[in-house]
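Numbers here are sequence positions counted from 1. The shown structure was predicted, so the numbers you read here are calculated from the model rather than taken from an experiment.
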Amino acid sequence: MMYLSKKIMIVMERSLMMSLIVIALSISNMSAIAATTSNAATIQSGVTAFQAIKALRGETPMNGDAIAATYVGDLQALVQEIDETNFLELNNDIQGAINDIKDGKEPTLAGQVIDKTLQRVFYQIIWNRISTIRDQFDAGTTEALTQMLNEAEASFQAITGTVARENQILTADRQAIEAGSNPGLDVEITNSFSSVRTALNKSNPDEDLIAVQVARYAIRMSLARAYYIAVLREVAGVIEHRSTDLDETRKEQKEGEIFYRIIEPLVARGNPAGNLSIKAQLTGNPSRIVADEIVSELSVGIIARVLGEMSGQEKAIAGQNRASAMAEAAGAKYFARILLPDLELRLGGADRSNLESGLENLLTASNELSASKSTAARDAISAILEKYEGELYRAKYEITNHTAIVENAVTNYQAIGDLRNQIPIDAAAIASKYAGDLQQLTQIVDQVYGLSIDQDVSGAIDQVKNGDQVALALQVMDKSLQKMFALVVYNRVTLTADQFSNLSTDELTLEWDRAYAAYSAIAQTTDKEDKILSLDLQTITTGRDPDLDYQIMLAFVQGKQAINKANADDGVVLALARENIVIPLVRSFLIGVLRELEGIISHRNDDIDEAREEQIEAEYFYRTVEGFVAQDNPVGSSRIKAQLTGELANIVANDIVSDINKGIVGQLKRSIGQIEANFVANKNQALLAAERLSLYANIFLPDLELRLDTLHRVKLENGIRDLKLAIQTDDINRAIAVRSIINEVVADYENELI
């Protein structure tokens, strides 16, 4: 629970920052939206075409040519408009699905891709128009703003059927999903449209703007809730049919996958690792879909958004900005409403009622600009959300087989961590803690990998005893031991995956437990926010929290479940878990390098001692993962080491980031080669290579977006997704086409690196 609370506190600040970025991007696009979007009549034409395609999808067999002809025109123009405005590639998805229907490639699934993707277009039109109305309220005329509202209402007609559906909630035993009461989201959205229309008369501009802002949240979050419900409805269908009707199951799983893409940004921002888990379940073996896990991961992402809105409300109250405070409070209310049925299931009606009261109190306090009432309301809301969070499913690992040498080594390493922070430093106590199992484990790793970690640690302890550059010696000691534990993790998870068929379940469990025990020593290193280049490429700044610690934890849990060998694909699941431990672990140490690099640049002109300490940390962090860079960029790796051991003034952030990512791009290219080599001969190996490709891409995607643009990032992400699908469906032509897109994006990125 404390783990999640800490995560939520980080996300609160990150969500606020991201909200501001989204607002800035939206504002930058407003003139384009207003100038290029179609009018209500054109949107209505698109709605008519969408409905015609729905009828065509019901025919047997489907007529791909007729669907294509109906798509061309106003409907396709709307899709392309949304692609351009929101950095998406929906038109490509739809065109690909139409071609699949023409070619007879799983037309039912392709039809679902078309339908749900088009629903996303109309969803996004409403989302964009309502935001534009809010942003242009002061400058826009009533006539112009009303036209945008008409366009939003026209778009809503395409998806009102989805929005009007009943709720979906966990069953009491949390094993399945069942229908709940109808929340009347279609009525709420319609009423909110009416509120906006009234406010656009601007009879009282200040109050009318607040009304628009509140209605904006009501509309957008009601839409989001409708698609949240839609995801759960398809999950319910998968669970119901997966043992009796494979075709129906696959259709429902595909629907759930595409529905989830619509709301994915709302979840991923506050729960990036959970987002990966949801997507993996919605694209993997249907037997592995777990209702409680999906609902919990969705809720963790939404909780973060509620807290982010409350953080914004707090700042607005401090700035005496009533309109902003009201908007943020409304955001908290409407995000939280998504969670209310599940919260009531887990906590009871009293807590639901108290949460609803707290949210209303926050709105009242915002209206009154009352700091004290706002604080009381936020505290009440946060307390209930924290309680709710504690009831959600979160991956937890339990060691079955205790191994003295590894666990004692971890305990002694942690004790050394405490001793390193004492003043004065007790070198004898550190030496005592190192002697024994910790040193023995270090020596074993040295022997296996031909290293000299024990020598480095022992030398650092002697330096501390002699009072020789104590601060630097302590960092050498700590980072060297972190490397040792990382190698134990790597060694044991690799052994377990490689020997899955040859070892018994008990033997595999022992090795997996050893790996997890070693990981517990360095889990704190994986629990850090991302570090990225600043916009001017001169220094390092903080990015989003990638939740690597939770991603690795989840992989350990999933891997241990697979060790039971209960399912035919457990060996593949274990191998995938291995990749989701090793590569995120590599990423966490690379983040460590950049975190220390940020400190070096910040301190080298005013605190040389601090900068030197950070430099030694960066050097030893890099030593841990050097091989992943040097394998494909040996010259660049040498340059990195030269900077991390040379003059502080010569350290250049852009150079180091470029050389790191050149090496990681090399790993990505190697993965593509492995896919090509195994596409026909060994599908499982091809899928593992695709997973590595995705994980390596995640390391440099933020930098790629910085140097190129968001569209290039989306193209690469979509390309990797489509490549996995091509492997699963044995579609070599699609794989070749997608590979070309991936290679093109990667080449563009490489051209931007130094």
Lys/Arg-Asp/Glu bridge criterion (N-O < 4.0 Å) met for Glu752, Arg707: no

Donor-acceptor side-chain pairing of Thr494 and Arg578 below 3.5 angstrom: yes

Polar side chain donor-acceptor pair, Asn580 to Gln551, under 3.5 angstrom: yes

Pair Glu264-Asn275, side-chain donor/acceptor within less than 3.5 Å: yes

Donor-acceptor contact present, side-chain Ser277 to main-chain Ala273, <3.5 Å: no

Side-chain donor or acceptor of Asp709 paired with backbone N/O of His712 under 3.5 Å: yes

Donor + acceptor pair across side chains of Ser504, Asp506 (<3.5 Å): no

Exam field: side chain Gln538 to backbone Asp536, donor-acceptor pair closer than 3.5 Å: yes

Ser637 and Tyr622: side chain donor to acceptor below 3.5 Å: yes

side-chain hydrogen bond (donor to acceptor under 3.5 Å, both in side chains) partners for Ser638, two or more places apart: none

Short side-chain donor-acceptor distance under 3.5 Å, Tyr397 and Asp513: yes

Polar side-chain atom of Asp426 near backbone of Ala429 as donor-acceptor pair, under 3.5 Å: yes

Pair Glu705, Thr710: side-chain N/O donor-acceptor within cut-off below 3.5 Å: yes

Check: Thr526 main-chain N/O paired with Ser588 side-chain donor or acceptor under 3.5 Å: no

Closest heavy-atom pair and its distance - Val464, Ala473: CG2-CB, 3.9 Å

Side-chain heavy-atom pair Leu533, Thr541 within 4.5 angstrom cut-off: no

Check: Ser374/Gln313 side-chain N/O donor and acceptor closer than 3.5 Å: yes

Glu407 with Arg514: basic N within carboxylate O range, under 4.0 Å: no

Pair Thr525-Gln482, side-chain donor/acceptor within less than 3.5 Å: yes

Verdict with supporting geometry, Tyr449 and Asn491, side chain to side chain donor-acceptor pair (under 3.5 Å): CA-CA 10 Å; Tyr449 290 101; Asn491 183 275; 3.1 Å; yes

Aromatic plane relationship, Tyr519 with Phe556 - under 30° parallel, 30 to 60° tilted, over 60° perpendicular: tilted

Salt bridge (charged side-chain N to carboxylate O under 4.0 Å, His left out): pairs with one or both residues in residues 428-454, sequence neighbours excluded: none

Within residues 619-633 or reaching into it, pairs that qualify as salt bridge (charged side-chain N to carboxylate O under 4.0 Å, His left out) - sequence neighbours excluded: Asp456-Arg623, Glu619-Arg623, Glu626-Lys641, Asp632-Arg670

SB check Arg544 Asp530 (cutoff 4.0 Å): no

Side-chain H-bond candidate by donor/acceptor type, Gln674 with Arg692, under 3.5 Å: yes

Under 3.5 Å donor-acceptor, Ser382 side chain and Arg378 backbone: yes

SB check Glu717 Arg713 (cutoff 4.0 Å): yes

Criterion side chain to side chain donor-acceptor pair (under 3.5 Å) on Glu691 and Tyr696, from CA distance to verdict: CA-CA 9 Å; Glu691 187 72 8; Tyr696 281 124; over 6 Å; no

Side chain Thr505, main chain Ile563, donor-acceptor under 3.5 Å: yes

Sequence neighbours excluded - ring-ring contact (aromatic ring centres under 6.0 Å, His included) pairs with any residue from residues 400-427: Tyr413-Phe485

Set of residues satisfying ring-ring contact (aromatic ring centres under 6.0 Å, His included) with respect to Tyr749, sequence neighbours excluded: Phe700

Donor + acceptor pair across side chains of Thr509, Lys560 (<3.5 Å): no

Heavy-atom closest pair, residues Gly559 and Trp512: CA-CZ2, 3.7 Å

N/O donor-acceptor pair under 3.5 Å between Asn421 side chain and Gly417 backbone: yes

Donor + acceptor pair across side chains of Gln499, Asn502 (<3.5 Å): yes

Nearest atoms (heavy-atom pairs only) where Ala518 meets Val406: N-CG1, 3.7 Å

Heavy-atom check, side chain of Leu438 versus side chain of Ile416, under 4.5 Å: yes

Test item: Asn271 side-chain N/O and Val267 main-chain N/O as donor-acceptor pair under 3.5 Å: no

Donor-acceptor contact below 3.5 Å, side chain Ser296 vs main chain Leu392: no

Inter- and intrachain pairs under ring-ring contact (aromatic ring centres under 6.0 Å, His included), touching residues 578-607, at least two apart: Phe589-Phe621

Distance-only donor-acceptor check, side chains Gln615 and Glu596, under 3.5 Å: no

No-hydrogen, no-angle side-chain donor-acceptor test under 3.5 Å, Ser299 and Tyr388: yes

Contact check, side chains of Leu385 and Ile381, non-hydrogen atoms, under 4.5 Å: yes

